[in-house]
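Here the structure is a predicted model, which means the values were calculated and not measured.
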Amino acid sequence: MKRMLPNFLKLDALQRYFGIINQCTQSHFADSWENHNEVHALELAKKHTFKLAARLFVSLEDQEDIEKLSKPFCLVSAGTISLPIDFPGTPFNKAIKAANLIRKDLYKMIKQRKVDLADGNASPTQDMLSHMLLACDEDGTYLKESDIADTILGMLVAGFDTLSAELTFIVKYLGELPHIYDAVYKEQMEIVNSKAPGEPLKWEDLQKMKYSWNVAQEVLRMAPPVQGNFREALTDFVFNGFTIPKGWKLYWSANLTHMSADCFPEPEKFDPSRFEGKGPAPYTFIPFGGGPRMCPGNEYARVVTLVFIHHLVTRFKWEKVFPDEKTTVAPFPTPARGLPIRLYHHQK
């Protein structure tokens, strides 16, 4: 399954869905940001990333269906990193029940999609669901419905929490650092001014957003959505004078690595230039993990992030309503008040 999934998330596949990503992002800003003077960035980022993921992964477009599917995700997220106590009322127990409700809906979608594919009423390339139903390994074995449901559930959780956290903190840092905002705005307006009136953003434009992506990466360094993860030692080894036996569980920390002065000089300073040229040394910048188990959605996150930045900064400048708003981590970094911001619309 791990070999099949990346095919949907590779650059050539993402290029095919780029028009949908751009159109959904435009609609999001038109519906939820325009005609507002103040918004809560965290709430809107979650709304956008989940709606986009639902469209790309299972072709869900009806707003009522999207809201119904999204409601249990708060409980799943709260129980993702909690004490594994399966007792009524605990976050873990609530997460299990919520995940089972989501799987129930996903199973219905899977069964209906099988019928639609057989009848020619669905496209083999329309979304992740079709891709996973038709993909098989070298032995001709197809994925089980339970594996497909669990994979899509995991991807939707990632879209609901990790990507929305990244977009929220991009809004936070651009609102706090006017000189960074101005440089991003300049780069994005050069793209706008190179186009004919009404001409949409294109896949090739992403290659012109080098500084914007450096800024996004620095946000991921300063506030990694996933704080770390567990791995198992494959062999005995010594680290900093400590012997780690084979089979021991290890926790690698993105946050501690990113804030290490040995890896990043002046780690508290927001400095996108760290990512110019060859960038950081291998395995020092790890918001998506690293090695063979690196997150397969890293390119998807890059595309969604850059399209979001483009439509955000070309429409608005903003300031934080609460300049000293604190950040909590439970388990994802979250502005304590949801990051309310005051919008200033650019004159067209």
message: If the condition is ring pair (Phe, Tyr, Trp, His ring centres under 6.0 Å), which residues does H36 pass it with, not counting sequence neighbours?
response: none

query: Distance from E187 atom CD to T314 atom OG1, nearest 0.5 Å?
result: 12.5 Å

Donor-acceptor pairs under 3.5 angstrom involving side-chain atoms of residues 57-67: please list them, not counting sequence neighbours.
from: S59; atom 1: OG; to: Q126; atom 2: NE2; distance (Å): 3.1
from: S59; atom 1: OG; to: D127; atom 2: OD2; distance (Å): 2.6
from: D62; atom 1: OD2; to: E64; atom 2: N; distance (Å): 3.1
from: D62; atom 1: OD2; to: D65; atom 2: N; distance (Å): 3.1
from: Q63; atom 1: OE1; to: K51; atom 2: NZ; distance (Å): 3.3
from: Q63; atom 1: NE2; to: E67; atom 2: OE2; distance (Å): 3.2

task: Could you walk me through whether H48 and S164 pass side chain to side chain contact (heavy atoms under 4.5 Å, CB included), step by step?
output: CA-CA 8 Å; H48 171 55; S164 63; over 6 Å; no

task: Indicate whether any N or O donor in one side chain lies under 3.5 Å from an N or O acceptor in the other, for S253 and Q227.
output: no

task: Check whether any side-chain N or O of S260 sits under 3.5 Å from a backbone N or O of L256 as a donor-acceptor pair, and report yes or no.
output: no

task: Keeping the roles fixed (side chain from T305, backbone from A301), state whether a donor-acceptor pair exists under 3.5 Å.
output: yes

- request: Rounded to the nearest 0.5 Å, what's the gap from CD1 on I191 to CE on M209? Could you check?
  value: 4.0 Å

task: Would you check if the distance from the ring center of F73 to the ring center of F50 is below 6.0 Å?
output: yes

- prompt: Can you name the residues that form a ring pair (Phe, Tyr, Trp, His ring centres under 6.0 Å) with F288, not counting sequence neighbours?
  reply: none

field: Backbone N/O of S273 and side chain of D271: donor-acceptor pair under 3.5 Å
entry: yes

message: Taking the side chain as everything from C-beta on, heavy atoms only, tell me whether F270 gets closer than 4.5 Å to V219.
response: yes

message: Within a 6.0 Å radius of atom CZ on R337, are there more than 12 heavy atoms belonging to other residues, nucleotides or ligands?
response: no

task: Return yes if some donor-acceptor pair links the side-chain N/O of W318 with the main-chain N/O of V171 below 3.5 Å, else return no.
output: yes

message: Nearest 0.5 Å, please: how far is CG in N37 from CD1 in I341?
response: 11.5 Å

- prompt: Which atom pair, heavy atoms only, marks the closest approach of I244 to A233?
  reply: CG2-CB, 4.3 Å

message: Ring centres under 6.0 Å, that's the criterion: do W213 and F275 meet it?
response: no

query: To the nearest 0.5 Å, how far apart are CG in L156 and CD1 in I102?
result: 8.0 Å

query: Is it true that a side-chain atom of N22 and a backbone atom of F18 form a donor plus acceptor pair closer than 3.5 Å?
result: no

- prompt: ring pair (Phe, Tyr, Trp, His ring centres under 6.0 Å) with W248: which residues, sequence neighbours excluded?
  reply: none

statement: Residues joined to I286 in its hydrophobic cluster, side chain to side chain under 4.5 Å directly or through other members, sorted by chain and number, are W252

query: I309, V39: one ILVMFWY side-chain cluster at the under-4.5 Å cut-off?
result: yes

message: Please check: side-chain N/O of T327 versus main-chain N/O of P333, any donor-acceptor pairing under 3.5 Å?
response: no

query: Tell me, do P335 and F322 make a side-chain contact under 4.5 Å, heavy atoms counted?
result: no

- request: Spell out, yes or no, whether M128 and L11 are grouped together once hydrophobic residues are joined by side-chain heavy atoms under 4.5 Å, including indirect joins.
  value: yes

- prompt: Would a hydrophobic clustering, with Ile, Leu, Val, Met, Phe, Trp and Tyr connected at side-chain separations under 4.5 Å, put M109 with L117?
  reply: yes

From CD (E43) to OG1 (T168), nearest 0.5 Å: 10.5 Å

query: Quick one: do Y344 and V192 end up in the same hydrophobic cluster if we chain Ile, Leu, Val, Met, Phe, Trp and Tyr together by side-chain heavy atoms under 4.5 Å apart?
result: no

field: Within-4.5 Å side-chain heavy-atom neighbours: K246 and L234
entry: no

- request: Run the salt-bridge test on K186 and E190 with the 4.0 Å N-O cut-off and return the result as yes or no.
  value: yes

query: So, K208 and D205, do they make that salt bridge, N to O below 4.0 Å?
result: yes

statement: Residue set satisfying salt bridge (charged side-chain N to carboxylate O under 4.0 Å, His left out) with E299, at least two apart, ordered chain then number -> R302

message: Let's go through V303 and Y17 carefully: what are the C-alpha distance in whole Å and the side-chain angles of both, what is the deciding distance for side chain to side chain contact (heavy atoms under 4.5 Å, CB included) to 0.1 Å, and is it a yes or a no?
response: CA-CA 10 Å; V303 172; Y17 299 112; over 6 Å; no

query: Do L153 and L101 share a hydrophobic cluster (ILVMFWY, side-chain heavy atoms under 4.5 Å, transitive)?
result: no

- prompt: Hey, is D86 close enough to K97 for a salt bridge, meaning N to O under 4.0 Å?
  reply: no

- prompt: Does NZ in K71 sit with more than 12 non-hydrogen atoms of other residues, nucleotides or ligands closer than 6.0 Å?
  reply: no

- request: Go through T141 and C136 one step at a time and tell me if the side chain to side chain contact (heavy atoms under 4.5 Å, CB included) criterion holds.
  value: CA-CA 5 Å; T141 302; C136 60; 5.8 Å; no

field: Neighbour count above 12 (heavy atom, 6.0 Å) for Y251 OH
entry: yes

message: Is the ring pair H258/F264 parallel, tilted or perpendicular, if the boundaries are 30 and 60 degrees?
response: perpendicular

query: Taking atom NZ of K320 as the centre, does the number of heavy atoms from other residues, nucleotides or ligands within less than 6.0 Å exceed 12?
result: yes

task: Please name the residue in the list T162, D161, N255 that meets the side chain to side chain contact (heavy atoms under 4.5 Å, CB included) test with V226.
output: T162

message: Could you check whether E319 pairs with R342 (Lys NZ or Arg NE/NH1/NH2 to Asp/Glu carboxylate O, under 4.0 Å)?
response: yes

- request: Using a strict cut-off of less than 4.0 Å between a Lys/Arg side-chain nitrogen and an Asp/Glu carboxylate oxygen, indicate whether R274 and E218 qualify as a salt bridge.
  value: yes

- request: Would you name the heavy atoms of Y142 and A135 that are closest together and state the gap between them?
  value: CD2-O, 3.3 Å

query: With a 4.5 Å heavy-atom cut-off, do V304 and L163 have their side chains touching?
result: yes

message: Whether K111 and E145 form a salt bridge (side-chain N of Lys/Arg under 4.0 Å from carboxylate O of Asp/Glu) is what I want to check.
response: yes

Non-hydrogen atoms of V313 and Y185 that approach each other most closely: O-CD1, 3.3 Å

- prompt: Short question: side chain of K317, backbone of L343 - any donor-acceptor pair under 3.5 Å?
  reply: no

Where E325 and G338 come nearest, the two heavy atoms and their spacing: OE2-N, 3.2 Å

query: Taking the side chain from T334 and the backbone from V329, do they hold a donor-acceptor pair closer than 3.5 Å?
result: no

message: Please find the pair of heavy atoms, one from P91 and one from A78, that lie closest to each other, and give the distance.
response: CB-O, 4.1 Å

message: Please report whether the ring centroid of F308 lies less than 6.0 Å from that of F29.
response: yes

- request: Take atom CD of E38 as the centre, draw a 6.0 Å sphere, and report whether it contains more than 12 heavy atoms from other residues, nucleotides or ligands.
  value: yes

statement: Tightest non-hydrogen contact, residues R221 and P267, listed as NH2-O, 2.8 Å

message: Ring-plane angle category for H345 and F316, please: parallel below 30°, perpendicular beyond 60°, tilted otherwise.
response: perpendicular

- request: Indicate whether the side chain of H311 and that of W33 have a donor and an acceptor atom separated by less than 3.5 Å.
  value: no

query: If you measure from CG on L83 to CZ on F92, what distance do you get to the nearest 0.5 Å?
result: 10.0 Å

T328 side chain vs A336 backbone, donor-acceptor pair below 3.5 Å: no

